[in-house]
Amino acid sequence: MIRKKRMIGLMGAVAVLALGSVFPALADTVYVDASSLNFRNRPSMDTDAVLGRYERGTKLERVADRGEWSEVRAEGSKVTVYVASRYLTTTAPMANADAGQKAEESPYVDKTWEVGLDAAYPYASFSRISSGKAIYYQNGSEKRNGKVVCVNAGHGTKGGSSVKTQCHPDGSAKVTGGTTGAGATQAVAVSGGMTFADGTAEHEVTLAMAKVLRDKLLAAGYDVLMIREGGDVQLDNVARTVIANNNADCHIALHWDSTEKDKGCFFMSVPSNRTYRAMEPVASHWQSHNELGSCLVEGLKAAGNKIFSSGSIEMDLTQTSYSTIPSVDIELGDKKSSHSPETLEKLGDGLLKGIDRYFGF
Ligand SMILES: [Zn+2]
C-alpha cells in the first residue's frame with residue numbers, strides 16, 4: 001500500500017512538472033491584489049495546503065488559470081504553487097505611500113479590509129492628508145462581542161508636520177496649549193512625536209503598543225480598527241478621527257509624553273472651558289470622552305501601571321474636537337519610561353481592562 005501511494009505521489013509531481021513545461025508560452029504576469037495572499041501546494045482551502053503568503057503587489061508568473069484557482073510561480077522560481085484567482089490582477093496595484101499597511105494574520109480574525117476616508121463622512125473635508133487606509137479586523141471567534149475599538153498608534157505620517165489643519169470645526173481658537181499653542185486656529189496635521197531618552201522614536205513605540213493592544217482586543221472578542229500597521233500612514237489627525245467616528249465604537253490614541261520624569265500614565269481630558277464644551281461635536285460627546293479616559297486609567301492602575309497625579313490633564317486636541325464617539329488620547333508614560341516588551345504587555349492588559357470596564361464587560 002505504501003509503495004502504491006508513493007507511486008501516485010511521484011506521478012502527481014511528474015504531472016505538475018509536465019504542465020509547467022507544456023504551458024510556459026501561455027504564462028502571463030500577474031500581481032497580488034490583497035493585503036496578503038496564501039499560496040498553496042494544491043488548489044484547496046485546507047489549512048495544511050498553505051505553504052506561505054505573498055504580500056500585496058508581489059509579481060507572479062501565471063502558468064495556468066483554472067478559474068477559481070491559478071497556478072503561479074514567483075519571479076525566478078521554478079516551483080509552481082496555487083493561489084485564489086480573485087486576488088490576482090494583471091496591472092500592478094497602484095503604488096501608495098503607505099505600502100507598509102497590511103493586515104496581520106490572527107487566529108481570531110474572520111476577515112480584514114481597508115478603510116479610507118470617505119468624503120461623505122461628516123468633517124471629512126477638514127482633513128488635509130487622507131490618501132492612506134486604516135485596517136479593519138473583523139473578529140471571527142465565538143467570543144465576538146459586537147464592539148469595535150479604533151486603535152490609533154500616535155504619529156507616523158511622513159510630511160505630517162509641514163501641513164496644517166483647522167483646530168476646531170467652527171474655526172475658533174485652541175483653548176489650551178500643547179504641540180500647538182493656545183489661541184491658534186490651525187495646528188500641525190500630525191506631529192512627528194518625541195524621541196525617548198534611549199533614542200527610540202515615539203512613533204515606533206506607539207506602533208508596537210498598538211499591535212500588543214490589537215491582539216489582546218481580538219483575543220477578548222472585539223473587532224479592531226487599526227489606524228496604522230506600518231511606519232507611515234498618510235492619514236492626519238482629522239482623518240484618523242473621522243474614520244474612527246464612522247467605523248468604531250470608541251477611539252484610543254496611544255502616546256508617550258515629552259517630559260523626562262517617568263511620571264506614569266494619564267489621559268488628555270476635555271478642557272473645562274465653557275465655549276469649548278458648548279461647541280459641537282464636543283458638546284454632545286465630551287462626557288463620554290472623559291468617562292472612557294477615566295476607565296482606561298482605572299484599568300491601567302488595576303493592572304499595576306504607574307498613574308500620573310490625578311490621571312488626567314486638560315487638553316484641547318484635534319482628536320477631541322472632531323470626535324463623535326468616545327475618544328481619548330492616552331499618554332502611557334514619557335521619555336524616561338520603559339517601553340520594554342514586558343512593559344507594553346502590562347500596559348496592554350491595563351488598557352484592555354479599561355475598555356472592558358467602559359463597555360461593561
Ligand atoms: Zn505623542
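Values below: all heavy atoms of this structure, side chains included; hydrogens, waters and symmetry mates excluded. Residue numbers start at 1 and run along the sequence shown.
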Tell me if a side-chain donor or acceptor on [X] pairs with a main-chain N or O of [Y] at a distance below 3.5 Å.
{"X": "Ser284", "Y": "Pro281", "result": "no"}
{"X": "Thr343", "Y": "His339", "result": "no"}
{"X": "Glu331", "Y": "Asp257", "result": "yes"}
{"X": "Asn245", "Y": "Thr324", "result": "yes"}
{"X": "Asp110", "Y": "Gln138", "result": "no"}
{"X": "Ser70", "Y": "Ser85", "result": "no"}
{"X": "Arg240", "Y": "Gly154", "result": "no"}
{"X": "His289", "Y": "Ser327", "result": "yes"}
{"X": "Arg66", "Y": "Pro43", "result": "no"}
{"X": "Asp334", "Y": "Lys261", "result": "yes"}

Item checked: Check against side-chain hydrogen bond (donor to acceptor under 3.5 Å, both in side chains), Gln319 and Ser323 -> CA-CA 6 Å; Gln319 180 180 342; Ser323 283; 5.3 Å; no
Greater than 12 external heavy atoms within 6.0 Å of [X]'s [atom1]:
{"X": "Phe359", "atom1": "CZ", "result": "yes"}
{"X": "Tyr108", "atom1": "OH", "result": "no"}
{"X": "Glu68", "atom1": "CD", "result": "no"}

Atom [atom1] of [X] and atom [atom2] of [Y]: how far apart are they, to the nearest 0.5 Å?
{"X": "Thr58", "Y": "Tyr31", "atom1": "OG1", "atom2": "OH", "result": "11.0 Å"}
{"X": "Cys167", "Y": "Phe126", "atom1": "SG", "atom2": "CZ", "result": "11.5 Å"}
{"X": "Phe196", "Y": "Ser337", "atom1": "CZ", "atom2": "OG", "result": "7.0 Å"}
{"X": "Asn152", "Y": "Met226", "atom1": "CG", "atom2": "CE", "result": "9.5 Å"}
{"X": "Leu225", "Y": "Trp113", "atom1": "CG", "atom2": "CH2", "result": "9.5 Å"}
{"X": "Asp65", "Y": "Glu71", "atom1": "CG", "atom2": "CD", "result": "11.0 Å"}

Item checked: side-chain hydrogen bond (donor to acceptor under 3.5 Å, both in side chains) involving Asn145 - partner list, sequence neighbours excluded -> none
Does any non-hydrogen side-chain atom of [Y] lie less than 4.5 Å from one of [X]?
{"X": "His155", "Y": "Ser191", "result": "yes"}
{"X": "Tyr358", "Y": "Ser288", "result": "yes"}
{"X": "Val148", "Y": "Tyr136", "result": "yes"}
{"X": "Phe267", "Y": "Ser294", "result": "yes"}
{"X": "Cys150", "Y": "Ile227", "result": "yes"}
{"X": "Gln234", "Y": "Thr157", "result": "yes"}

Check: Which residues satisfy the salt bridge (Lys or Arg N to Asp or Glu O under 4.0 Å) test with Arg40, sequence neighbours excluded?
Finding: none
Check: In chain order, what residues pass the salt bridge (Lys or Arg N to Asp or Glu O under 4.0 Å) check against Lys211, with sequence neighbours excluded?
Finding: Glu104
Going by atom types only, do [X] and [Y] share a side-chain donor-acceptor pair under 3.5 Å?
{"X": "Tyr121", "Y": "Asn247", "answer": "yes"}
{"X": "Asp236", "Y": "Ser127", "answer": "yes"}
{"X": "Tyr137", "Y": "Asp215", "answer": "no"}
{"X": "Thr206", "Y": "Glu202", "answer": "no"}

Next item on the list: Apply side-chain contact (heavy atoms from CB on, under 4.5 Å) to Leu300 and Leu332, showing your working.
Entry: CA-CA 9 Å; Leu300 285 162; Leu332 295 164; 4.0 Å; yes
Notebook entry, point to check: Can you name the residues that form a side-chain contact (heavy atoms from CB on, under 4.5 Å) with Asp349, not counting sequence neighbours?
Noted result: Lys216, Ala303
Which atom names give the shortest non-hydrogen contact between [X] and [Y], and what distance separates them?
{"X": "Pro122", "Y": "Val242", "value": "O-CG1, 3.5 Å"}
{"X": "Ala187", "Y": "Thr180", "value": "CB-OG1, 3.4 Å"}
{"X": "Asn273", "Y": "Tyr276", "value": "OD1-N, 2.9 Å"}
{"X": "Pro169", "Y": "Met279", "value": "CD-CE, 4.2 Å"}
{"X": "Val233", "Y": "Gly132", "value": "CG2-CA, 4.2 Å"}
{"X": "Arg62", "Y": "Leu88", "value": "NH1-CD1, 4.1 Å"}

Do [X] and [Y] belong together in a cluster built from hydrophobic side chains that touch within less than 4.5 Å?
{"X": "Met194", "Y": "Leu254", "answer": "yes"}
{"X": "Ile325", "Y": "Val115", "answer": "no"}
{"X": "Ile355", "Y": "Val109", "answer": "yes"}
{"X": "Leu218", "Y": "Leu351", "answer": "yes"}
{"X": "Ile252", "Y": "Phe308", "answer": "no"}

Note to self: Looking at Asp48 and Arg42, is there a salt bridge between them, counting it only when a charged N and a carboxylate O are closer than 4.0 Å?
What the structure shows: yes
Check: For residues 295-308, which residue pairs qualify under side-chain hydrogen bond (donor to acceptor under 3.5 Å, both in side chains), counting only residues two or more places apart or in two chains?
Finding: Glu298-Arg357
Notebook entry, point to check: Does anything in residues 162-174 pair up under side-chain hydrogen bond (donor to acceptor under 3.5 Å, both in side chains), and if so which pairs, sequence neighbours excluded?
Noted result: His168-Ser172, His168-Asp316, Asp170-Ser172
Item checked: Criterion side-chain hydrogen bond (donor to acceptor under 3.5 Å, both in side chains) on Ser44 and Tyr82, from CA distance to verdict -> CA-CA 8 Å; Ser44 161; Tyr82 291 85; over 6 Å; no
Note to self: Consider salt bridge (charged side-chain N to carboxylate O under 4.0 Å, His left out). Of Lys143, Arg144, Lys147, Arg214, which one does Asp223 pass it with?
What the structure shows: Arg144
Notebook entry, point to check: In terms of the angle between their ring planes, are Phe361 and Tyr222 parallel, tilted or perpendicular, with boundaries placed at 30° and 60°?
Noted result: perpendicular
Next item on the list: Please report the C-alpha distance between Met209 and Leu347 in whole Å, then the side-chain angles of each, then the deciding distance to 0.1 Å, and finally whether the side-chain contact (heavy atoms from CB on, under 4.5 Å) criterion is met.
Entry: CA-CA 8 Å; Met209 183 73 249; Leu347 289 167; 3.9 Å; yes
Check: Yes or no on side-chain contact (heavy atoms from CB on, under 4.5 Å) for Asn246 and Asp118, after CA distance, side-chain angles and deciding distance?
Finding: CA-CA 9 Å; Asn246 291 279; Asp118 186 329; over 6 Å; no
